[in-house]
Amino acid sequence: MSKARLLLWLPPPAVAALVAGLMWLVAGWLPGLTVFWPRWLAWGPLLAGIGLMVLAARSLQQAHTTLLPFTPERASRLVTNGVFARSRNPIYLGDALWLLAWALWLQSWPALLGPVLFVVYMNRVQIAAEERALTLRFGKAYTDYCERVRRWL
């Protein structure tokens, strides 16, 4: 398997962890771009991200469908209630908020690019593949849902 193909098979938590590691390295490599905002600012996005992820997991569990984002073909039901009524990807939004919290904790301007990098990657690779699979699985019900609810917020 080529390296480029391997990247397509990374589960979203691994992508988030990889981005978080890169953020840490960049913050260390560019100490001159450190800012000293209060670290407690990181708690807001961290707690919001955890809350979103818990609510999304609970909705998926109550619907008796898969929590695994890299197997959308296993979805037994289309979940459109709860946090999924506001965002089609609340778990990924939670990941992005965690990365924002990490950037705030690192007190690094360049680290703020981490959540942006994560969102771009997820849109182009993971979410695009999931949307194709869910469209095949649920058809018009899913495309109608996509028209009503935004991808992120």
Side-chain angles (χ1 to χ4, degrees), residues 1-61 65-72 74-75 78-135 142-143 145-153:
M1 183 180 291
S2 74
K3 288 181 182 181
R5 185 140 173 95
L6 179 63
L7 287 176
L8 297 177
W9 292 100
L10 283 177
V15 173
L18 181 63
V19 170
L22 289 173
M23 292 164 63
W24 177 75
L25 287 173
V26 166
W29 287 337
L30 301 170
L33 296 176
T34 299
V35 290
F36 294 101
W37 51 60
R39 282 194 161 150
W40 59 261
L41 290 174
W43 285 99
L46 177 67
L47 294 174
I50 291 170
L52 267 174
M53 295 175 94
V54 167
L55 291 171
R58 187 172 172 204
S59 291
L60 293 170
Q61 192 173 41
T65 192
T66 185
L67 277 153
L68 300 175
F70 39 90
T71 58
R74 287 184 166 173
L78 180 60
V79 179
T80 61
N81 61 337
V83 292
F84 289 94
R86 300 272 184 221
S87 171
R88 295 195 320 256
N89 297 287
I91 294 174
Y92 300 152
L93 181 56
D95 286 333
L97 287 168
W98 283 15
L99 290 170
L100 175 60
W102 179 232
L104 293 172
W105 186 262
L106 291 171
Q107 298 179 321
S108 169
W109 283 112
L112 289 171
L113 292 174
V116 174
L117 179 67
F118 176 78
V119 168
V120 168
Y121 176 86
M122 295 305 288
N123 277 336
R124 292 196 176 165
V125 179
Q126 184 68 31
I127 293 173
E130 287 178 19
E131 287 177 345
R132 285 189 300 273
L134 292 171
T135 299
Y142 183 70
T143 57
Y145 171 63
C146 289
E147 288 176 15
R148 285 191 323 271
V149 178
R150 296 176 66 130
R151 185 180 271 176
W152 291 92
L153 280 177

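Here the options are L52, N89, L93, V54, the test is side chain to side chain contact (heavy atoms under 4.5 Å, CB included), and the partner is V83; only L52 passes. Among the candidates L22, L100, V15, the single residue satisfying the side chain to side chain contact (heavy atoms under 4.5 Å, CB included) test with F118 is V15.
Although no hydrogens or angles enter the test, the distance criterion places no donor-acceptor pair under 3.5 Å between the side chain of W105 and the main chain of R39. Under the 3.5 Å distance criterion, the side-chain polar atoms of S87 are left unmatched by any main-chain donor or acceptor of L153. Not a single donor-acceptor pair under 3.5 Å links the side chain of Y92 to the backbone N or O of R151. Side-chain atoms of R150 never come within 3.5 Å of backbone atoms of R86 as a donor-acceptor pair (strictly under, hydrogens ignored).
How far CG of L99 is from CG of L117: 9.0 Å, rounded to the nearest 0.5 Å.
Residues passing the side chain to side chain contact (heavy atoms under 4.5 Å, CB included) test with R58 are Q62, sequence neighbours excluded. By the side chain to side chain contact (heavy atoms under 4.5 Å, CB included) test, A103 pairs with M23, A111, L112, sequence neighbours left out.
Side-chain contact of Y142 with E147: a donor-acceptor pair under 3.5 Å is absent, judged by distance alone.
Looking at every heavy atom in both residues, V79 comes nearest to S59 through CG1-CB, 4.1 Å.
Taking the six-membered ring for Trp and thresholds of 30 and 60 degrees, W37 and W109 have ring planes more than 60 degrees apart, a perpendicular arrangement.
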